[in-house]
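Worksheet: the structure to be examined is printed underneath.
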Amino acid sequence: MASDGLQRTALDHLWLHFTQMGAYTDPAELQVIVRGDGCHLEDAGGKRYLDALAGLFCVNIGYGFGAEMGEAAAAQMRELPFAINWTFAHPRSIELAAAVTELAPGDLNRAFFVSGGSEATEAAWKLAREYHRVRGERRWKAIARRVAYHGTTLGALSLTGCTELRTPFEPLVPDVLHVSNTNRYHRPPEETEEEFTRFLLDELEATIVQAGPETVAMVILEPVQNAGGAFTPPAGYFEGVRALCDEHGILLCADEVITGFGRTGHWFASERYDIRPDLVTSAKGLSSAYAAIGAVLATDRVMEPFSKPGAMYTHGMTFGGHPVQAAVALKNIEIMRRERIVEHVHETEADFRATLAQLLELPIVGDLRGCGFFYALELVKDKETRAGFSDAECDELLRGFVSPQLFERGLICRADDRGDPVVQISPPLVAGQAEFDQIAGTLGAVLAEAGDRMRITA
Ligand SMILES: Cc1ncc(COP(=O)(O)O)c(C=O)c1O
């Protein structure tokens with residue numbers, strides 16, 4: 001179908017996610033992406049983009065391995081296109097479980113496969129509830145963080161701390177409590193890192209106590225929180241969270257849907273921050289988004305009560321651990337190892353950060369945060385006071401200027417205001433200095449102009 005035919009048909013029949021469908025007045029406004037290579041995408045009109053968002057934090061190996069991945073998928077389809085993981089097993093899910101648990105830190109020795117990140121979140125919360133039940137306790141509540149995104153199915157959405165995503169669907173699954181995230185930028189300037197950690201841990205402890213510790217099944221946290229803009233943990237934070245969970249018998253789940261598979265320069269960010277989680281959720285980078293597969297990883301301690309005769313995790317989905325998806329994920333791990341992709345992130349993260357740090361010279365850029373290949377720039381009205389923008393100004397700045405301008409200039413980043421306004425930068429993990437420079441160059445030009453338009457002066 002020709003480009004204009006595709007655009008017309010899309011507007012007639014395709015329902016885009018998180019999209020105001022009525023906003024398209026002319027089919028030509030809809031970008032149709034038709035191919036990719038390396039860190040680049042191309043639309044139906046032949047325009048090329050540098051994808052500094054890796055799809056949506058997921059195409060970790062970039063777009064250049066389609067032939068090899070396709071071979072793996074085709075071979076699996078010829079051999080066994082489908083087998084279920086309910087009671088039976090098949091070779092690829094077994095091999096993938098072994099490969100993923102070998103890469104995971106500590107004794108996360110068990111893998112339960114699902115089809116994506118939201119399903120992984122659901123599965124983790126249900127697993128935590130049932131873990132306590134099979135041990136004779138009734139615990140169901142969960143604690144998550146404000147502005148954090150854990151997915152959109154009703155359970156996952158209940159954990160998600162983004163008000164505007166939750167409100168249309170209330171009432172949600174009850175008994176989720178939200179605590180502060182690790183956003184340090186808007187804390188009092190005189191507060192030390194140690195004091196900040198203390199504040200966060202005191203609040204978490206008070207929340208557990210308020211909920212009734214014997215009713216709390218799980219605390220779920222991303223190692224580096226994406227929504228709000230790449231919040232890294234302050235020193236001692238995860239050590240304290242682990243200690244509180246241990247004290248109160250609560251399972252700690254690290255949501256590694258984004259951070260897993262190399263984004264922070266480690267196979268899992270739990271290793272980087274020594275989180276020692278009981279559960280890990282994974283999706284996106286597990287297959288570098290070449291297949292729809294996710295996983296929940298569990299430690300020996302979590303598995304132990306389920307290994308007893310008569311015990312079962314009462315959960316399953318037809319496509320969980322699908323052989324073709326598993327074959328693709330296995331090939332992804334093989335490619336990541338062979339191409340030394342995690343090592344590449346580790347070795348070049350300082351260069352990437354230094355390149356992006358040049359943007360801090362712009363009056364509109366207040367903060368650069370993140371690690372590995374996972375960064376956010378916070379946009380401010382006044383750097384001195386760290387004052388942000390009103391909702392109307394945010395709208396004008398992000399949706400009215402930054403997003404369309406970046407796209408126009410061939411750079412895909414995400415301008416996001418689920419928390420304070422940020423530009424998220426998270427390229428494929430094969431990006432190098434040429435891509436770092438292009439990202440910083442285009443962002444610099446657009447943000448300088450954005451600052452002028454908003455009349456922001458140094
Ligand atoms: C941290 C985190 N958890 C869970 C999810 C949900 O994943 P999915 O979109 O695959 O359902 C996302 C998606 O962006 C995420 O970023």
Side-chain angles (χ1 to χ4, degrees), residues 16-19 51 53-60 112-128 142-162 164-166 169 173 176 178 181-183 218-233 252-264 268-270 273 275 277 279-297 317 319-320 322 325 328-329 332 370-376 412-414 416 418-419 422 424-426:
L16 299 170
H17 297 210
F18 285 118
T19 302
D51 181 9
L53 202 60
L56 193 59
F57 314 92
C58 54
V59 188
N60 288 8
F112 183 95
F113 292 116
V114 294
S115 312
S118 298
E119 277 187 14
T121 306
E122 296 288 336
W125 192 6
K126 286 182 75 177
L127 178 52
I143 298 177
R145 296 189 297 200
R146 293 192 192 100
V147 193
Y149 184 90
H150 296 290
T152 47
T153 50
L154 278 175
L157 183 61
S158 309
L159 298 166
T160 289
C162 307
E164 68 288 3
L165 300 182
R166 296 165 55 87
F169 303 101
V173 180
V176 179
H178 287 95
N181 55 49
T182 59
N183 180 3
M218 173 180 84
V219 169
I220 182 166
L221 313 167
E222 289 160 88
V224 178
Q225 182 174 314
N226 176 45
F231 299 135
T232 52
L252 174 57
C253 178
D255 182 342
E256 295 233 31
V257 167
I258 288 180
T259 54
F261 291 87
R263 184 133 310 273
T264 72
F268 289 91
S270 290
Y273 294 110
I275 298 176
L279 300 170
V280 165
T281 51
S282 174
K284 301 192 188 256
L286 168 57
S287 67
S288 283
Y290 281 67
I293 185 164
V296 178
L297 310 182
M317 280 145 307
F319 290 157
H322 188 294
Q325 319 288 317
V328 172
N332 176 55
C371 66
F373 276 22
F374 189 27
Y375 293 99
I412 299 178
C413 284
R414 188 188 199 185
D416 188 31
R418 284 175 293 185
V422 290
Q424 297 168 321
I425 305 145
S426 185

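Keep in mind that what you see is a predicted model, and the values were worked out from it rather than measured. As the structure lists them, so they are numbered: ligands from 1, and atoms in each ligand from 1.
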Notebook entry, point to check: Side chain or backbone of Y149 under 4.0 Å from ligand 1, or both, or neither, by non-hydrogen atoms?
Noted result: both
Notebook entry, point to check: Any sub-3.5 Å donor-acceptor pair from T121's side-chain atoms to A156's backbone N or O?
Noted result: no
Notebook entry, point to check: Which is it for E119 and ligand 1 at heavy atoms under 4.0 Å: side chain, backbone, both or neither?
Noted result: neither
Check: Can you tell me if E256 has a non-hydrogen atom under 4.0 Å from ligand 1?
Finding: no
Notebook entry, point to check: How far is atom 6 (C) of ligand 1 from its nearest protein heavy atom, and which residue and atom is that?
Noted result: S118 N, 3.4 Å
Checklist line | For H150, the ligand 1 atoms whose distance to one of its heavy atoms is below 4.0 Å | finding: 3 (N), 4 (C), 5 (C)
Note to self: Starting from atom 16 (O) of ligand 1, what is the nearest protein heavy atom, named by residue and atom, and what distance separates them?
What the structure shows: I258 CD1, 3.2 Å
Note to self: Can you tell me how far apart OG1 (T153) and CG (L159) are? Round to the nearest 0.5 Å.
What the structure shows: 9.0 Å
Item checked: Name of the residue among H150, Q225, R145 meeting side-chain hydrogen bond (donor to acceptor under 3.5 Å, both in side chains) with D255 -> H150
Item checked: Test item, N226 contacting ligand 1 (heavy atom, 4.0 angstrom) -> no
Note to self: Quick one: does any side-chain atom of T232 pair with a main-chain N or O of V224 as donor and acceptor, under 3.5 Å?
What the structure shows: no
Note to self: Donor-acceptor pair, distance only, cut-off 3.5 Å: does the side chain of N181 make one with the backbone of R146?
What the structure shows: yes
Note to self: For atom 14 (O) of ligand 1, what is the closest protein heavy atom, and at what distance to 0.1 Å?
What the structure shows: K284 NZ, 2.9 Å
Next item on the list: Please identify which atoms of ligand 1 are closer than 4.0 Å to at least one heavy atom of E222.
Entry: 1 (C)
Check: Are N332 and S287 close enough that a side-chain donor and a side-chain acceptor fall under 3.5 Å?
Finding: no
Check: Would a distance-only check, ignoring hydrogens and angles, find a side-chain to backbone donor-acceptor pair under 3.5 Å from E119 to G294?
Finding: no
Notebook entry, point to check: atom 5 (C) of ligand 1: which of T259, V257, I293, I220 has the nearest heavy atom?
Noted result: V257
Note to self: Contact between I220 and W125 at the side-chain level, heavy atoms closer than 4.5 Å - yes or no?
What the structure shows: no
Next item on the list: List every atom of ligand 1 that sits less than 4.0 Å from any heavy atom of G117, numbering the atoms from 1 in the order shown and giving each element.
Entry: 6 (C), 7 (O), 8 (P), 10 (O), 11 (O)
Notebook entry, point to check: Can you tell me which residue and heavy atom of the protein come closest to atom 3 (N) of ligand 1, and the distance to 0.1 Å?
Noted result: D255 OD2, 2.8 Å
Margin query: Main chain of S282, side chain of E256: is a donor-acceptor contact present, judged purely on distance under 3.5 Å?
Written below: no
Note to self: At under 4.0 Å between heavy atoms, is it the side chain or the backbone of A283 that contacts ligand 1, or both, or neither?
What the structure shows: neither
